[in-house]
Amino acid sequence: MSDLNTNTEKLSGYLKQFGGQGVLNFINGESVAAQSGDTFENHSPVDESAICRVAKSSDADIDAAAKAAADAFPAWRDMPAKERKSILIRIAEGIEARAEEIAFCECWDTGQALRFMSKAAIRGAENFRYFADQVSSARDGKNLPSPTLMNVTTRVPIGPVGVITPWNTPFMLSTWKIAPALAAGCTVVHKPAELSPLTARLLMEIAHEAGMPPGVWNLVNGMGEDAGRALTEHPAIKAIAFVGESRTGSLITRQGADTLKRMHFELGGKNPVIVFDDADVDRALDAVIFMIYSINGERCTSSSRLLIQESIREEFEAKLIERVNNIKVGHPLEPTTEIGPLIGQEHFSKVTDYFDVAKDDGATIAAGGVRVGDKGYFVRPTLFTMANNQMRIAQEEIFGPVLTSIPFSTEEQAIQIANDIPYGLTGYVWTNDLTRALRVSNELEAGMIWVNSENVRHLPTPFGGVKASGIGRDGGDWSFEFYMEQKHIGFALGNHKIPKLGA
Ligand code: NAD
């Protein structure tokens with residue numbers, strides 16, 4: 001990787017395209033401003049400077065995009081699988097060809113460190129390749145014969161769908177949602193987060209250059225309460241795939257009620273990592289640190305609650321403090337940087353407020369708990385110790401590089417603490433006792449559990465949460481279950497008896 005100077009020079013080249021008209025919408029194959037002409041300013045969290053203007057859309061823009069998606073739907077649905085697949089593969093190739101540009105823009109827009117974002121673009125391409133491979137089998141069904149009928153099932157795409165994404169790793173998450181929707185035969189209206197619009201625009205351009213027919217994939221920028229709301233309420237949109245906060249999920253449920261929207265929610269988390277005293281402590285330490293401090297801690301699957309067995313607590317926390325104090329906070333495009341700035345002013349205030357909440361609750365700030373510099377939204381990675389599970393720092397999603405350490409004595413107590421939370425996205429268990437690993441993973445209330453491992457995503461596996469962490473699953477065939485409808489067709493095998501009324 002080149003140094004910071006070379007990277008910032010390259011970045012300014014990549015950002016030139018967003019000058020002039022800024023980030024426009026893309027509706028029915030055309031770049032367009034919001035119909036009202038309104039825009040908003042997008043800033044970099046690195047130095048708070050303005051990056052560009054962005055279209056600030058409202059109901060009229062969503063209406064145009066939803067109509068375009070509805071008009072384009074029949075032809076996209078009926079396009080031979082081979083052709084649809086080849087468009088998706090060309091998108092993957094386009095992402096790979098522009099991977100550096102995507103990574104640099106993502107770093108500047110979101111504050112994420114290049115060491116992680118350089119892989120995010122490649123993972124986005126993998127999402128398109130994976131779902132491209134599923135196109136030809138997406139409609140497959142079953143044969144369920146009965147004595148009088150040959151019953152067959154098939155799946156059909158649900159129709160135009162809305163995809164609403166957050167600002168944390170926005171590029172990767174957009175591909176993860178949009179690729180299976182397109183593979184299923186749905187058309188898409190995408191509303192990216194207002195705080196990170198750059199790479200959604202790059203992705204849209206790549207798709208257009210890959211031969212995506214007009215109207216199949218539309219991009220509408222703007223605020224959640226305007227453009228986002230209008231998308232969830234639009235009658236032509238048959239389903240909403242949403243990634244974001246739990247309370248926004250509740251709002252969207254209400255907004256979509258009148259049009260009976262199908263919803264898929266990937267929401268917040270406050271995930272436990274349980275470390276038992278028989279674990280491989282060095283590997284557990286690496287995983288604990290990685291799962292809360294990578295991606296700036298702005299990660300739904302982060303292990304933000306460390307449940308540490310009392311017998312090894314002191315030793316484990318001492319090692320943890322040393323490592324946390326050693327984490328390198330800096331410019332996202334500096335190749336050695338491990339943590340960049342938080343996404344923006346509001347989120348920075350939210351995260352830093354928890355430093356006071358921790359003190360008020362009686363916890364100890366064992367590492368970090370301070371801002372870094374006076375420009376940009378940088379904080380030192382933070383560790384709270386002497387905490388209990390009732391404290392706000394244990395119950396609320398902070399969504400920053402902030403870990404709360406909670407001691408436990410017995411396995412039963414660990415399970416009780418782990419589950420005593422409104423969320424249920426992931427759980428991590430560290431133990432070398434196989435039967436304990438089985439017992440604990442059986443008891444944990446979470447959609448995904450890793451034993452003796454950090455979160456390692458494998459695309460065919462189901463991704464999603466329980467409780468306030470979500471509804472529905474992504475990945476493998478689970479994505480198609482959301483974007484498609486099951487259809488049953490029964491063919492009579494002969495002249496079975498039909499009940500006669502009025503005969
Ligand atoms: P957010 O809920 O504030 O915003 C997400 C998106 O929803 C944005 O595009 C926003 O404009 C839009 N939105 C806001 N209000 C809306 C409304 N009324 N109607 C329609 N759309 C609306 O979330 P955020 O702060 O951008 O993202 C962080 C959150 O996302 C965290 O809680 C995190 O845990 C969660 N997340 C979950 C997963 C997962 O897989 N479970 C993955 C990534 C992020």
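All heavy atoms count here, side chains included; hydrogens, waters and symmetry mates do not. Order of listing sets the numbers, starting from 1, for every ligand and every atom in it.
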For residues 175-188, which side-chain N or O atoms pair as donor and acceptor with protein atoms under 3.5 Å away, sequence neighbours left out?
residue: T175; atom: OG1; partner: N127; partner atom: ND2; Å: 3.0
residue: T175; atom: OG1; partner: M172; partner atom: O; Å: 2.6
residue: K177; atom: NZ; partner: E266; partner atom: OE2; Å: 3.4
residue: K177; atom: NZ; partner: D474; partner atom: OD2; Å: 2.8
residue: T187; atom: OG1; partner: A69; partner atom: O; Å: 2.8

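Ring geometry for F384 versus F355: interplanar angle over 60°, hence perpendicular rather than tilted (30 to 60°). Below 30°, between 30° and 60°, or above 60°: for Y428 and W450 the angle between ring planes is below 30°, a parallel geometry.
R473 pairs by the side-chain contact (heavy atoms from CB on, under 4.5 Å) definition with P462, V466, W478, not counting sequence neighbours. Residues forming a salt bridge (Lys or Arg N to Asp or Glu O under 4.0 Å) with K67 (at least two apart in sequence, or on another chain): D63.
Judged by distance alone, the side chain of K261 and the main-chain N or O of D258 form no donor-acceptor pair under 3.5 Å.
Ordered by chain and residue number, the residues placing a heavy atom less than 4.0 Å from ligand 1 are I164, T165, P166, W167, N168, L173, K191, P192, A193, E194, G224, G228, R229, F242, V243, G244, E245, T248, L251, I252, Q255, E266, L267, G268, C300, E397, F399, L425, F463.
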